[in-house]
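Reading through the structure tokens given below for one structure.
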Amino acid sequence: MAPTSGKRRVTITDVALHAGVSTSAVSKVLRNAYGVSPEMRERVRAAMAELDYRPHAAARGMRGRTYTIGVLLDNIRNAFFADILEGVNTELRGGDYQVLIGAAGFGEEDQTRLARALVDRQMDGLILIGPGFPRTEVLRTAATVPTVVIGHHDVAEEHDSVVDADALGAGLVIDHLVRLGHRRIALTSTPGNRGSGWSGTPERVQRRGYHEAMRRHGLQDLARVAMTAFSEEGGYRAGMELLASADRPTAVFGGADVAAMGVFRAARELGLRIPEDFSLAGYNNTAVAALAPVRLTSVDQAGGLMGTTAARLLLERIEGRTRSVLMTVSPSLVVRGTTGPPPATEV
DNA sequence: CCCGGTGGTCCGTCATTATT
DNA sequence: AATAATGACGGACCACCGGG
């Protein structure tokens, strides 16, 4: 049947013929269904092995499951996703399910198209990592296909949610910096996809946490946010804006590690030392943050745990749970070399 | 009961037959 | 001749049936 070349793939009919049983017997063995003797099971297993048989996912899809889970994310360069995916794989390892990953980019259109493509290919479930396409579209999809959304704090009956306590995470950073003696602490953040209907994006919740923490310390008047993109380039621009100004902050909280890297570059260009001239903290605790020349203080979001949790919730949904679940993962501060006391003149 | 098999079913494609 | 309706697949699932 394969359009490209000669030999037809092996089907359960071939297996049945080879083993001298009916196709349904083979099907039962495949599904571990009731009503097959151990001897027959063995015979069928042997036949499958000899013929190098593998179930046809599309055919299974016609009748129900494909045993495939689709993961949608925006940018595969974001190292944080690697942690999540590792978690997903850990949870699914050894099971019947296979994971397919799609990196759609940041655009709404592209993300929507990818999400639909996953549905059209009969994924049994979807894991959407910080989707940037319209929330209405996500809800419509989730109404049909079991879905878990990672990142956004917006909850809905249609899907489960796995989030990081981003407000708390931001608080950890501010508390740490204040304890060191900082007062002028700036944040780099991102507006995200406007008008896509998400009100609980991680960056927004993080921003709220930042302002709350500043207020808690009586520093609300010194709060300052540089809106940028969560990318190296975005961080660089935000860094230039903040560090070149007259009332330069003594500490910069990069809302994401990638952005913090950009601030690094800006600092070098301006001849500012870290942490002597100003402190820098990131968020995500990605692999780069731990590298020896970087040693970036950051917030660990337990990405692996988010991944395993998302996968587990999704399997539950696939098995029939309809009530939606929200799981919140606690972040923790990882102090490294980029944060220290503010310059002496400031104290 | 157990175990094994029959026959209908899913959805989309493509070839065959019927209708205008 | 062009268009429309029909039906036979493809590969696997599953409710149900029947013989020991």
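Below, read A as the first sequence line, B as the second, and so on, with proteins coming before strands; counting in each chain starts at 1.
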How long is the line joining [atom1] of [X] and [atom2] of [N], in whole Å?
X: A:Asp120; N: B:dC11; atom1: CG; atom2: P; answer: 14 Å
X: A:Lys28; N: C:dA15; atom1: NZ; atom2: C1'; answer: 10 Å
X: A:Leu30; N: C:dC14; atom1: CG; atom2: P; answer: 11 Å
X: A:Ile12; N: B:dG5; atom1: CD1; atom2: P; answer: 12 Å
X: A:His56; N: C:dC13; atom1: NE2; atom2: P; answer: 12 Å
X: A:Arg121; N: B:dG12; atom1: CZ; atom2: P; answer: 13 Å
X: A:Arg63; N: C:dA12; atom1: CZ; atom2: P; answer: 13 Å
X: A:Gln122; N: B:dC11; atom1: CD; atom2: P; answer: 9 Å

Notebook entry, point to check: Does the pair A:Tyr236 and A:Glu269 meet the rule for a side-chain hydrogen bond (donor to acceptor under 3.5 Å, both in side chains), with working shown?
Noted result: CA-CA 10 Å; A:Tyr236 170 76; A:Glu269 216 160 277; 2.4 Å; yes
Margin query: For a quick check of understanding: with a heavy-atom distance under 4.0 Å over all strands, which category does A:Ser24 fall into, base, sugar-phosphate or nothing?
Written below: base
Margin query: Does A:Arg65 reach a base, just sugar-phosphate, or nothing at all? Heavy atoms under 4.0 Å.
Written below: nothing
Check: If you measure only the distance, is there a donor-acceptor pair under 3.5 Å linking the side chains of A:Thr339 and A:His176?
Finding: yes
Notebook entry, point to check: Any luck finding a side-chain donor-acceptor pair between A:Arg224 and A:Ser245 under 3.5 Å?
Noted result: yes
N/O (side chain, [X]) to phosphate O (OP1/OP2, [N]) under 4.0 Å:
X: A:Ser37; N: B:dG4; value: yes
X: A:Arg60; N: C:dC13; value: yes
X: A:Arg31; N: C:dA12; value: no
X: A:Ser22; N: B:dG4; value: no

Given [options], identify the nucleotide with an atom nearest to the side chain of [X].
X: A:Val36; options: B:dC3, B:dG4, C:dG11; answer: B:dG4
X: A:Met62; options: B:dG5, C:dA12, C:dG11; answer: C:dG11
X: A:Thr11; options: C:dG11, B:dC2, B:dG7; answer: C:dG11

Item checked: First encountered from the 5' end of DNA chain B, between A:Val21 and A:Tyr34 -> A:Tyr34
Check: So among A:Ile150, A:Asp154, A:Val155, which one has a side-chain contact (heavy atoms from CB on, under 4.5 Å) with A:His152?
Finding: A:Asp154
Notebook entry, point to check: Can you tell me if CZ on A:Arg113 sees more than 12 non-hydrogen neighbours from other groups inside 6.0 Å?
Noted result: no
